[in-house]
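Single-structure report; data block below.
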Amino acid sequence: MADQFAVIGLGRFGLSIANKLYESGRDVLGVDVNEERADEAQSYVTHSVIADSTDPEALKSIGIRNFDTVIVAIGNDIQASILSVLLLKELGVKKVIAKALNKLHGEVLKKVGADWVVFPERDMGIRVAHQLISPKVLNFIELSKDYSVEEVKIPEKMTDKTLRELDLRAKYNLSVIAIRHHDDIFISPSPDKIIDHGDVLVVIGENRDLERFANLE
Ligand code: ADP
């Protein structure tokens with residue numbers, strides 16, 4: 001079923017995924033072994049049930065194989081998280097996303113069939129450190145170990161110039177793919193576009209070049 005999600009484990013992480021999907025109009029089944037957690041989640045998801053995801057019969061009885069995507073957001077119980085992913089894949093769930101606590105846990109989750117493993121604490125830590133190193137970077141996506149896309153606040157001395165004058169490609173080896181001006185976004189901006197005070201550039205390039213650019217005064 002398209003746009004049908006199940007989230008197993010309704011702690012802070014699971015519930016925030018579940019609720020965001022629900023608010024975006026998706027059908028979300030919340031699952032937790034803990035009755036209180038399942039009850040509390042009622043108003044944040046389409047429907048929530050009490051079930052133990054390490055029990056194959058329980059998974060079958062809630063019709064888990066009918067869900068397109070199942071997110072395993074079990075917190076500290078590594079054994080339960082691994083067993084749940086294994087069972088979900090055995091039952092034929094197409095896409096299983098699982099939260100890992102550490103690298104080894106993540107590797108095991110991949111081995112038992114998780115399609116996507118997420119490391120929320122590690123990733124948030126990296127984002128916070130990134131913000132501290134480059135406060136002008138509002139957002140970023142890592143494309144690979146060496147390349148990223150970043151949203152960078154324009155340094156003051158670069159304002160009131162055109163993209164051609166700034167010539168970021170030659171000077172910093174960076175390509176500007178969009179400009180955000182207040183609430184407007186200009187995709188593939190023309191070289192004659194003038195950069196205003198407070199504009200945000202969306203740039204793509206090598207991390208060391210991005211860092212050099214984002215740390216300009
Ligand atoms: P967070 O750090 O995201 O708040 P928690 O460890 O508090 O994570 O939450 C994990 C949730 O997963 C808990 O509500 C717990 O009851 C639930 N959970 C743990 N094991 C199972 C299981 N086998 N089946 C279903 N839910 C489970």
Side-chain angles (χ1 to χ4, degrees), residues 1-133 137-142 148:
M1 276 177 253
D3 286 350
Q4 292 247 18
F5 296 87
V7 177
I8 297 173
L10 301 168
R12 289 158 302 174
F13 180 67
L15 197 56
S16 95
I17 298 179
N19 188 235
K20 184 73 195 167
L21 289 166
Y22 176 61
E23 282 179 347
S24 313
R26 304 318 198 264
D27 263 345
V28 183
L29 174 72
V31 181
D32 205 294
V33 68
N34 179 303
E35 183 177 350
E36 232 170 86
R37 285 275 167 100
D39 278 352
E40 280 167 11
Q42 285 299 354
S43 39
Y44 301 100
V45 294
T46 318
H47 189 56
S48 74
V49 294
I50 307 159
D52 180 351
S53 58
T54 62
D55 173 0
E57 293 313 313
L59 287 176
K60 280 185 207 156
S61 74
I62 59 174
I64 203 78
R65 61 154 63 92
N66 297 323
F67 289 84
D68 247 5
T69 304
V70 178
I71 297 123
V72 179
I74 292 175
N76 295 320
D77 191 343
I78 292 186
Q79 187 177 327
S81 123
I82 294 167
L83 195 50
S84 303
V85 170
L86 181 75
L87 290 172
L88 291 165
K89 288 313 285 186
E90 276 182 355
L91 287 169
V93 174
K94 231 183 346 174
K95 188 163 181 188
V96 175
I97 300 165
K99 160 182 161 166
L101 290 184
N102 56 47
K103 195 158 173 270
L104 186 59
H105 182 198
E107 279 167 21
V108 178
L109 290 172
K110 277 256 164 215
K111 287 238 159 71
V112 296
D115 300 279
W116 179 16
V117 177
V118 292
F119 299 84
E121 274 101 353
R122 183 200 69 180
D123 291 351
M124 198 59 204
I126 292 172
R127 291 197 99 77
V128 171
H130 205 281
Q131 267 287 328
L132 295 172
I133 295 164
V137 178
L138 306 179
N139 213 342
F140 69 97
I141 305 168
E142 277 180 342
S148 304

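The model shown is predicted, which means the values in this text are computed figures rather than measured ones. Just the heavy atoms: all of them, side chains too, but no hydrogens, waters or symmetry mates, feed the values below. Just so you know, ligand 1 is whichever comes first in the structure, and atom 1 is the first atom listed for that ligand.
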At their closest point, which heavy atom of I71 faces which heavy atom of F5, and how far apart are they? CD1-CD2, 4.3 Å
Got the closest protein heavy atom to atom 27 (C) of ligand 1, with its distance? V33 CG1, 3.6 Å
What is the minimum heavy-atom distance between S48 and A38, and which atoms define it? OG-O, 2.6 Å
Examine the proximity of ligand 1 to R37 and report which part, side chain or backbone, both or neither, has a heavy atom under 4.0 Å away. side chain
Has K89 got a side-chain atom pairing as donor or acceptor with V93's backbone, closer than 3.5 angstrom? yes
For V70, the option from L88, V85, V7 that meets side chain to side chain contact (heavy atoms under 4.5 Å, CB included): L88
For atom 12 (O) of ligand 1, what's the nearest protein heavy atom and its distance? G9 CA, 3.2 Å
Atom 23 (N) of ligand 1 sits nearest the protein heavy atom D52 OD1, 2.8 Å
Whether the N102 and R122 side chains hold a donor-acceptor pair (N or O, under 3.5 Å, no angle test) is what I'd like checked. no
Please name the pair of heavy atoms, one in S53 and one in L59, separated by the smallest distance, quoted to 0.1 Å. O-CD1, 3.4 Å
Under 4.0 Å from any heavy atom of N34, which atoms of ligand 1 are there? 16 (O)
Please report whether ligand 1 has a polar contact with F13, defined as an N or O pair separated by less than 3.5 Å (distance criterion only). yes
Yes or no: does D77 have any heavy atom under 4.0 Å from an atom of ligand 1? no
Taking everything shown except K95 itself, do over 12 heavy atoms lie less than 6.0 Å from its NZ? no
Measure from the side-chain N and O atoms of T54 to the backbone N and O of A80, and report whether any donor-acceptor pair falls under 3.5 Å. no
Specify the protein heavy atom at minimum distance from atom 6 (O) of ligand 1: its residue, its atom name, and the distance to 0.1 Å. G75 CA, 3.3 Å
Per-residue contact class, A51 against ligand 1 - non-hydrogen pairs under 4.0 Å: backbone
Looking only at non-hydrogen atoms, which of D32, L101, N76 approaches atom 14 (O) of ligand 1 most closely? D32
By number and element, which atoms of ligand 1 are closer than 4.0 Å to a non-hydrogen atom of K99? 2 (O), 3 (O)
Polar-atom distance check: S53 versus ligand 1, any N or O pair below 3.5 Å? yes
Please answer whether the main-chain N or O of F140 pairs with a side-chain N or O of R127 as donor and acceptor at a distance below 3.5 Å. yes
Show the atoms of ligand 1 that are less than 4.0 angstrom away from any heavy atom in T54. 23 (N)
Heavy-atom nearest neighbour in the protein, as seen from atom 19 (C) of ligand 1, with distance rounded to 0.1 Å: I74 CG2, 3.7 Å
Hey, is CZ on F13 packed in by over 12 heavy atoms from elsewhere, all under 6.0 Å? yes
Return the closest protein heavy atom for atom 2 (O) of ligand 1 as residue, atom name and distance. R12 NH2, 2.8 Å
